Amino acid sequence: MNFDRNSLSKLLKLSDDELILVIQEIAAEAGVEPQKVKVGKADIAKIRAVLSLASDDDIARLLGQFGGMNNGK
């Protein structure tokens, strides 16, 4: 998984339903059954707020937890 500010911007522009699907796909790649990932519309609003305020270090830490790479550094 490669991720940078441009990727974050694209992610934040997705519709709520599209973002939920992306979250479920990430969960599946991390070994979590997508059906067990319950993300509601209120959750999406909170996720968007957190992601929009994330620093490059925050993104790097998050990606490190999922074995990804940050192209923004």
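These numbers come from a predicted model, not from an experiment.
Hydrophobic clustering (ILVMFWY, side-chain heavy atoms < 4.5 Å, transitive): Val39 and Val32 are in one cluster. Leu12 and Ile20 fall within a single hydrophobic cluster, where Ile, Leu, Val, Met, Phe, Trp and Tyr side chains are chained together by heavy-atom contacts under 4.5 Å. Both Leu14 and Ile26 belong to a single network of hydrophobic side chains, linked directly or stepwise wherever heavy atoms of I, L, V, M, F, W or Y lie under 4.5 Å apart.
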Q: Evaluate the side chain to side chain contact (heavy atoms under 4.5 Å, CB included) criterion for residues Asp17 and Lys41: first the C-alpha distance (whole Å), next the side-chain angles of each, then the deciding distance (0.1 Å), finally the verdict.
A: CA-CA 9 Å; Asp17 291 333; Lys41 299 290 182 171; 3.0 Å; yes
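Rounded to the nearest 0.5 angstrom, Leu51 CG and Leu11 CG are separated by 6.0 Å. Distance CG/Asp58 to CG/Leu53: 9.5 Å, rounded to 0.5 Å. Atom OG of Ser15 and atom CG of Leu21 lie 8.0 Å apart (nearest 0.5 Å). A distance of 3.5 Å separates CD1 of Ile47 from CD1 of Ile23, quoted to the nearest 0.5 Å.
Remark: Lys38 does not engage Asp43 in a salt bridge, criterion side-chain N to carboxylate O under 4.0 Å.
Nearest heavy-atom pair, Asp16 versus Arg48, reported as atom, atom and distance to 0.1 Å: OD1-NH2, 3.1 Å. Considering every non-hydrogen atom in both Val37 and Ala27, the closest pair reads CG2-CB, 3.5 Å.
Remark: the Ser9 side chain and the Asn6 side chain contain no N/O donor-acceptor pair separated by less than 3.5 Å.
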